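These numbers come from a predicted model, not from an experiment. Counting starts at 1 for both ligands and their atoms, in listed order.
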Amino acid sequence: MKIKSICCIGAGYVGGPTMAVIALKCRHLKVTVVDVDSNRIDNWNDANFDNLPIYEPGLAEVVKETRGRNLFFSTDIDEAISESEMIFVAVNTPTKTYGEGKGEAADLKFVELCARKIAEVATSDKIVVEKSTLPVRTAESIQKILDTSKSSVHFEVLSNPEFLAEGTAIQDLFKSDRVLIGGQQTESGKNAISSLVDIYSNWIPIDKIYTTNVWSSELSKLVSNAFLAQRISSINSISSICEATGADINEVSTAVGMDSRIGNKFLKSSVGFGGSCFQKDILNLCYIAKSLDLHEVAEYWRQVIKINDYQKYRFAKKIISSLFSTVSDKKITLLGWAFKKDTNDSRESAAIYIADYLIDNGAKISVYDPMVSEQRMLEDLNSLNTRSYEDNKKALSISKNPVQACKNSYAIAVITEWDEFKFYDWQQIFNDVIKPAKVFDGRNILDKNMLQEIGFEVYSIGK
Ligand code: NAD
Ligand code: UGA
């Protein structure tokens with residue numbers, strides 16, 4: 001079946017960019033992105049393309065070209081479902097905070113709500129595509145809900161996980177390493193798979209589109225994230241050995257990565273990985289393993305998260321011990337709050353945990369980030385429930401000017417690898433900080449020799 005109209009439920013970091021790129025590459029398709037969050041939809045429809053709800057290099061240009069042509073953002077979910085032949089579900093699937101599986105399992109309530117909505121509204125056959133990251137066998141539950149529909153329509157469920165990384169989403173979507181599509185191996189399942197292959201093959205070479213059964217596709221997404229996160233925890237675990245022995249983590253990383261069997265990507269040591277997915281997806285994998293009575297498997301993957309937590313606190317503790325083991329009432333500046341550069345997303349960013357730990361020890365935290373809003377930072381800190389909103393507000397000061405943010409600081413810590421940090425006038429910053437001046441480079445992006453010549457004491461991860 002040649003599809004003419006698709007929609008996506010969920011206008012977030014995945015739904016927005018993915019649909020924008022599909023609209024760009026498939027002029028013949030009408031693409032509608034819907035969300036319950038009317039604020040978000042208003043921002044997607046903002047006349048000023050710099051005010052889109054998501055910051056992603058190249059995204060504004062794609063939206064500029066497609067919005068109003070064949071890309072539409074709306075809150076009318078029923079209408080979008082009714083008139084689409086294919087419905088992508090790209091809603092959030094956070095870790096459960098209460099009930100069975102609390103702290104580990106993915107919370108599928110939004111996915112379930114979408115399935116119920118589709119079952120309620122649909123009056124013609126639909127292909128429902130899982131775009132969200134989901135535990136293996138979720139398609140079975142979705143199918144069961146869809147089949148409660150009162151109308152006698154046929155629903156086919158596909159799994160089509162997304163592999164884009166924030167900050168490079170548009171490039172990743174333009175040139176995906178692979179597009180994965182899982183479907184049932186029945187005739188209608190195979191037809192549905194080929195309808196989705198038809199869409200992607202407008203710009204993705206056919207040999208990069210890999211079709212599998214539904215369960216392999218669902219599980220491969222969790223496993224891909226677990227493997228990526230494992231590499232970061234592996235290199236981060238070695239960074240502490242480097243610090244204790246005089247080996248240099250950048251040199252070790254380069255040397256190890258030169259083996260083509262290992263490869264040089266995803267081996268940058270850091271303050272620890274953040275983002276909305278790695279931790280959530282590994283926890284979910286642990287939960288699945290436990291549910292299958294595979295406790296050793298769960299424990300194996302849990303260790304990846306333990307090392308990540310260890311890395312964040314090791315960094316925060318390093319700051320405290322260097323300040324004569326007390327940060328009480330001392331101003332400490334964090335450069336960067338986002339979980340990585342080129343995004344305004346700060347979900348699970350190391351910055352949140354490092355700030356929280358330092359505040360617990362009495363520090364006053366000053367933050368500069370070029371993209372994350374003040375409101376977002378406060379909400380992030382509040383989400384940990386460590387102290388009252390007022391106390392967080394008192395402890396956190398946010399500046400739109402990096403030099404101002406660093407003024408009178410006892411220590412400056414680089415948390416996010418924003419390029420602009422490399423090009424600051426560090427001499428000017430040095431003049432205005434409390435001496436001895438200290439920089440903690442949590443991303444190993446600054447020129448250590450230059451900073452030391454100016455007079456800074458520099459701590460870099462793994463050196
Ligand atoms: P997000 O929080 O940015 O966006 C999800 C959107 O869904 C929100 O705007 C929310 O309002 C909306 N929503 C929730 N329930 C809804 C409902 N019932 N009806 C309509 N809208 C609803 O999340 P995200 O980062 O885009 O992630 C979405 C999924 O994609 C997750 O499962 C995630 O694991 C996966 N994923 C994310 C990334 C990433 O880089 N962020 C990459 C690959 C996969
Ligand atoms: C990650 C995956 O890379 C995507 O393929 C996947 O689709 C996505 O998760 C998802 O499922 O949400 P993302 O979290 O957006 O993408 O960003 P990454 O580039 O993977 O970075 C994650 C974290 O690891 C960041 O905090 C980053 O700074 C850190 N990192 C990354 C390192 O510390 N070292 C590295 O070498 C690479």
Side-chain angles (χ1 to χ4, degrees), residues 7-19 33-41 43-44 53-54 56 73-78 80-81 88-95 106-118 130-135 138 160-169 172-173 176-178 221-222 224-229 231-236 239 253 257 264-282 284 308 311-312 336 338-351 415-417 442-444 461:
C7 73
C8 177
I9 310 181
Y13 283 87
V14 167
T18 310
M19 292 301 128
V33 190
V34 290
D35 204 294
V36 281
D37 183 343
S38 55
N39 234 343
R40 221 170 204 186
I41 293 296
N43 288 333
W44 278 113
I54 284 164
E56 198 55 72
F73 293 94
S74 160
T75 49
D76 195 339
I77 299 176
D78 290 15
I81 293 172
F88 291 77
V89 177
V91 296
N92 37 332
T93 50
T95 306
D107 190 342
L108 300 181
K109 70 176 172 221
F110 302 123
V111 175
E112 181 178 339
L113 277 172
C114 291
R116 292 196 185 281
K117 190 70 172 160
I118 297 168
E130 297 175 341
K131 197 45 140 168
S132 299
T133 303
L134 298 168
T138 304
N160 171 224
E162 185 48 61
F163 294 101
L164 68 78
E166 290 176 31
T168 52
D172 294 344
L173 288 163
S176 308
D177 279 351
R178 84 304 214 176
K221 172 62 199 179
L222 285 186
S224 296
N225 274 358
F227 272 55
L228 288 170
R231 284 173 67 93
I232 303 171
S233 278
S234 297
I235 201 73
N236 281 345
S239 70
S253 168
N264 59 9
K265 291 185 184 149
F266 254 72
L267 280 180
K268 269 194 219 103
S269 194
S270 63
V271 274
F273 60 75
S276 60
C277 294
F278 280 171
Q279 172 157 312
K280 146 179 101 67
D281 293 347
I282 296 173
N284 190 1
N308 198 46
Q311 189 76 346
K312 289 183 268 191
F339 81 98
K340 63 185 285 198
K341 71 172 180 177
D342 292 338
T343 179
N344 59 347
D345 196 351
S346 59
R347 289 177 288 183
E348 287 299 329
S349 176
I415 309 292
T416 313
E417 72 280 28
R443 294 288 184 166
N444 290 352
I461 296 263

*Asks:* I need the atoms of ligand 2 closer than 4.0 Å to a non-hydrogen atom of L267, numbered in the order shown.
*Replies:* 36 (O)

*Asks:* Pick, from R443, R347, K340, the option with the minimum heavy-atom distance to atom 28 (O) of ligand 2.
*Replies:* R443

*Asks:* Given V36, V14, T75, which one has a non-hydrogen atom that is nearest to atom 17 (C) of ligand 1?
*Replies:* V36

*Asks:* Give the single entry among V91, T18, V34 that approaches atom 22 (C) of ligand 1 most closely by any heavy atom.
*Replies:* V91

*Asks:* Measuring from atom 7 (O) of ligand 1, which candidate in S276, G10, A106 has the nearest non-hydrogen atom?
*Replies:* G10

*Asks:* Determine, using heavy atoms of K341 and all atoms of ligand 2, whether some pair is separated by less than 4.0 Å.
*Replies:* no

*Asks:* Distance to 0.1 Å, residue and atom name: give those for the protein heavy atom nearest to atom 12 (O) of ligand 2.
*Replies:* C277 SG, 2.5 Å

*Asks:* Could you tell me the residue and atom name of the protein heavy atom closest to atom 20 (C) of ligand 1, and the distance to it rounded to 0.1 Å?
*Replies:* I9 CG2, 3.3 Å

*Asks:* Please report the C-alpha distance between D172 and F163 in whole Å, then the side-chain angles of each, then the deciding distance to 0.1 Å, and finally whether the side-chain contact (heavy atoms from CB on, under 4.5 Å) criterion is met.
*Replies:* CA-CA 8 Å; D172 294 344; F163 294 101; over 6 Å; no

*Asks:* Closer than 4.0 Å to some heavy atom of C277 - which atoms of ligand 1 meet that?
*Replies:* 33 (C), 34 (O), 36 (N), 37 (C), 38 (C)

*Asks:* Evaluate N344 against Y13 for side-chain hydrogen bond (donor to acceptor under 3.5 Å, both in side chains), listing each step before the verdict.
*Replies:* CA-CA 10 Å; N344 59 347; Y13 283 87; 2.8 Å; yes

*Asks:* How far does CZ of F278 sit from CD1 of I232, to the nearest 0.5 angstrom?
*Replies:* 5.0 Å

*Asks:* Evaluate the ring planes of F73 and W44, with Trp represented by its six-membered ring, and classify them as parallel (under 30°), tilted (30 to 60°) or perpendicular (over 60°).
*Replies:* parallel

*Asks:* For ligand 1, which atoms, with element, lie under 4.0 Å from some heavy atom of I77?
*Replies:* 19 (N), 20 (C)

*Asks:* Which residue and atom name correspond to the protein heavy atom nearest atom 20 (O) of ligand 2, and how close is it?
*Replies:* F266 CZ, 3.1 Å

*Asks:* Of all heavy-atom pairs between C8 and A90, which one has the smallest distance, and what is that distance?
*Replies:* SG-CB, 3.7 Å

*Asks:* Applying a heavy-atom cut-off of 4.0 Å, say which part of S132 lies close to ligand 1: side chain, backbone, both or neither.
*Replies:* both

*Asks:* Any non-hydrogen atom of K265 lying under 4.0 Å from ligand 2?
*Replies:* no

*Asks:* To the nearest 0.5 Å, tell me how far L267 CG sits from I235 CD1.
*Replies:* 5.0 Å

*Asks:* A90 heavy atoms, cut-off 4.0 Å: which ligand 1 atoms fall inside?
*Replies:* 5 (C), 28 (C)

*Asks:* When you compare ligand 2 with F163, is there at least one nitrogen or oxygen pair between them that comes in under 3.5 angstrom?
*Replies:* yes

*Asks:* Looking at CZ of R347 and SG of C277, how far apart are the two atoms once the value is rounded to the nearest 0.5 Å?
*Replies:* 6.5 Å

*Asks:* Please state which part of A169 comes within less than 4.0 Å of ligand 1, counting heavy atoms only: side chain, backbone, both or neither.
*Replies:* neither

*Asks:* Would you find a donor on one side and an acceptor on the other, under 3.5 Å apart, between the side chain of D107 and the backbone of K109?
*Replies:* yes

*Asks:* Taking atom NZ as the centre, does K131 end up with more than 12 heavy-atom neighbours from other residues, nucleotides or ligands that are less than 6.0 angstrom away?
*Replies:* yes

*Asks:* Quick one: does R347 get an N or O within less than 3.5 Å of an N or O on ligand 1?
*Replies:* yes

*Asks:* For atom 1 (C) of ligand 2, what's the nearest protein heavy atom and its distance?
*Replies:* F278 CE2, 3.5 Å

*Asks:* Look only at interatomic distance and state if G274 has a nitrogen or oxygen under 3.5 Å from any nitrogen or oxygen of ligand 2.
*Replies:* yes

*Asks:* Considering only the protein, which heavy-atom contact is closest to atom 33 (O) of ligand 2, and what is its distance?
*Replies:* S270 OG, 2.6 Å

*Asks:* Return the residue, atom name and 0.1 Å-rounded distance of the protein heavy atom closest to atom 14 (C) of ligand 1.
*Replies:* N92 OD1, 3.3 Å

*Asks:* Evaluate salt bridge (charged side-chain N to carboxylate O under 4.0 Å, His left out) for K221 paired with E130, printing each intermediate quantity in order.
*Replies:* CA-CA 11 Å; K221 172 62 199 179; E130 297 175 341; over 6 Å; no

*Asks:* Quick check on contacts: which atoms of ligand 1 are under 4.0 angstrom from a heavy atom of E166?
*Replies:* 39 (C), 40 (O), 41 (N)

*Asks:* Indicate yes or no: does an N/O atom of L164 lie under 3.5 Å from an N/O atom of ligand 2?
*Replies:* yes

*Asks:* Under 4.0 Å from a heavy atom of E162: give me the atoms of ligand 1 that qualify, with their elements.
*Replies:* 43 (C), 44 (C)

*Asks:* Please report which non-hydrogen protein atom sits nearest to atom 34 (N) of ligand 2, along with the residue it belongs to and the distance in Å to one decimal place.
*Replies:* K268 O, 2.8 Å

*Asks:* Can you tell me how far CD1 of I81 sits from NZ of K117, rounded to the nearest 0.5 angstrom?
*Replies:* 6.5 Å

*Asks:* Test R443 against I461 for side-chain contact (heavy atoms from CB on, under 4.5 Å), laying out the working first.
*Replies:* CA-CA 7 Å; R443 294 288 184 166; I461 296 263; over 6 Å; no

*Asks:* Where the closest heavy atom to atom 12 (C) of ligand 1 is concerned, which of L108, D345, D35 has it?
*Replies:* D35

*Asks:* Between atom NZ of K340 and atom OG of S270, what is the distance when rounded to the nearest 0.5 Å?
*Replies:* 11.5 Å

*Asks:* Side-chain contact, heavy-atom cut-off 4.5 Å: T95 with N284?
*Replies:* no

*Asks:* Looking only at distances, can you tell me whether any N or O atom of K280, backbone or side chain, sits closer than 3.5 Å to an N or O atom of ligand 1?
*Replies:* yes

*Asks:* Please determine if E166 has a nitrogen or oxygen closer than 3.5 Å to a nitrogen or oxygen of ligand 2.
*Replies:* yes

*Asks:* Suppose we measure from atom 44 (C) of ligand 1 to each protein heavy atom; which comes out shortest, and what is that distance?
*Replies:* T133 OG1, 3.5 Å

*Asks:* Any idea which heavy atoms bring A169 and E56 closest together, and the distance?
*Replies:* N-OE2, 3.0 Å

*Asks:* Considering only the protein, which heavy-atom contact is closest to atom 25 (C) of ligand 2, and what is its distance?
*Replies:* F339 O, 3.5 Å

*Asks:* As an exercise, identify every atom of ligand 2 less than 4.0 angstrom from a heavy atom of K221.
*Replies:* 6 (C), 7 (O), 10 (C), 11 (O)

*Asks:* For the CG atom of N308 and the CD1 atom of I282, what is their distance to the nearest 0.5 Å?
*Replies:* 8.0 Å

*Asks:* I need the atoms of ligand 2 closer than 4.0 Å to a non-hydrogen atom of E162, numbered in the order shown.
*Replies:* 7 (O)

*Asks:* Mind checking whether D281 has an N or O less than 3.5 Å away from an N or O of ligand 1?
*Replies:* no

*Asks:* Among L228, D281, I232, I415, which one puts a heavy atom closest to atom 29 (C) of ligand 2?
*Replies:* I232

*Asks:* So, does G275 sit close enough to ligand 2 that a heavy atom of it is under 4.0 Å from the ligand?
*Replies:* no

*Asks:* At less than 4.0 angstrom from any non-hydrogen atom of T93, what atoms of ligand 1 do you find?
*Replies:* 31 (C), 32 (O), 34 (O)

*Asks:* Out of all atoms in ligand 1, which are within 4.0 Å of some heavy atom of L164? Include the element for each.
*Replies:* 40 (O), 42 (C)

*Asks:* Any nitrogen or oxygen of R40, side chain or backbone, less than 3.5 Å from one on ligand 1?
*Replies:* yes

*Asks:* Relative to ligand 1, is K221 under 4.0 angstrom through side chain, backbone, both or neither, heavy atoms considered?
*Replies:* side chain

*Asks:* What heavy-atom pair brings R40 and A11 nearest, and what distance separates the two atoms?
*Replies:* CD-O, 3.7 Å

*Asks:* Which atom names give the shortest non-hydrogen contact between S239 and S269, and what distance separates them?
*Replies:* CB-OG, 3.4 Å

